[in-house]
> 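Next up is a structure, given as structure tokens.
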Amino acid sequence: MKALIFALLPLPALADFPMIEAAQINGTTVSVTLSHPDTGWDHYADGWEVLTPDGTSLGLRILAHPHVAEQPFTRSLGDVKVPAGVHELHIRARCSRDGWADQTFVLPLD
């Protein structure tokens, strides 16, 4: 009977956050390669953000459509102005269904 009770309990939803595979900066352009199990317009990686270590946003790249058949994929964001004294950037990715990923990708600048 206990097994039946546990079987009826709702399971926590498993989030499918985008995974940042790689990132680089060339001048003021940041390029990010990410993967995500996009299924279509109802669930896809829809953006990524470049942050300083203290959380200041330097730019947001909106991904305007799903990339179901293109995984992993790379997109760039230009005109990223890194403040003097910043030695690394933090990049976080977002999913249309699950929101912002908890983990960030650290891009060393030195």
Side-chain angles (χ1 to χ4, degrees):
M1 186 65 170
K2 288 181 184 178
L4 178 59
I5 292 171
F6 287 118
L8 297 176
L9 293 175
L11 294 174
L14 298 177
D16 287 320
F17 292 114
M19 173 69 70
I20 298 173
E21 306 287 344
Q24 64 180 18
I25 188 167
N26 185 4
T28 62
T29 300
V30 176
S31 298
V32 173
T33 300
L34 59 86
S35 59
H36 180 263
D38 287 11
T39 60
W41 290 102
D42 61 324
H43 186 203
Y44 68 101
D46 69 349
W48 49 267
E49 184 175 27
V50 181
L51 307 161
T52 61
D54 70 3
T56 301
S57 178
L58 300 180
L60 173 64
R61 176 62 154 98
I62 300 295
L63 303 171
H65 60 85
H67 295 85
V68 175
E70 182 188 359
Q71 294 290 327
F73 62 96
T74 303
R75 296 296 179 271
S76 298
L77 176 66
D79 201 31
V80 176
K81 295 178 176 74
V82 180
V86 171
H87 301 288
E88 66 185 24
L89 298 176
H90 293 210
I91 304 168
R92 65 180 183 159
R94 185 177 69 192
C95 165
S96 64
R97 184 183 73 192
D98 301 312
W100 290 106
D102 294 331
Q103 294 185 338
T104 61
F105 181 94
V106 177
L107 175 60
L109 300 179
D110 297 325

> Check the angle between the aromatic planes of W41 and Y44 and answer parallel, tilted or perpendicular using the 30° and 60° thresholds.
perpendicular

> When rounded to the nearest 0.5 angstrom, what distance separates CZ in R61 from OG in S31?
9.5 Å

> Give a yes or no on whether N26 atom CG has more than 12 heavy-atom contacts from other residues, nucleotides or ligands under 6.0 Å away.
no

> For the CD atom on E21, are there more than 12 heavy atoms of other groups (residues, nucleotides or ligands in this structure) within a distance under 6.0 Å?
yes

> For the residue pair H67 and R75, what are the closest heavy atoms and their distance?
NE2-NH2, 3.2 Å

> Kindly compute the distance separating NE2 (H36) from NE2 (H43), expressed to the nearest 0.5 Å.
3.5 Å

> Name all residues meeting the salt bridge (Lys or Arg N to Asp or Glu O under 4.0 Å) criterion together with R94; count only those two or more places apart in sequence or in a different chain, and write none if there are none.
D46

> Please give me the minimum heavy-atom distance between L51 and G55, naming the atom from each residue.
CD2-O, 3.7 Å

> Just how far is it from atom CG of D54 to atom NE2 of H90, taken to the nearest 0.5 Å?
9.5 Å

> How is the hydrophobic cluster of L89 composed, in terms of its other members, when Ile, Leu, Val, Met, Phe, Trp and Tyr link through side-chain heavy atoms under 4.5 Å apart, directly or indirectly?
I20, I25, V30, V32, L34, W48, V50, L58, L63, F73, L77, V80, V82, V86, I91, F105, L107, L109

> Between E49 and W100, is there a side-chain heavy-atom distance shorter than 4.5 Å?
yes

> Any chance you could pull the hydrophobic cluster mates of V106, using side-chain heavy atoms under 4.5 angstrom and chaining through other members?
none

> Of the non-hydrogen atoms in S35 and P72, which two are nearest, and what is the gap between them?
CB-CB, 3.9 Å

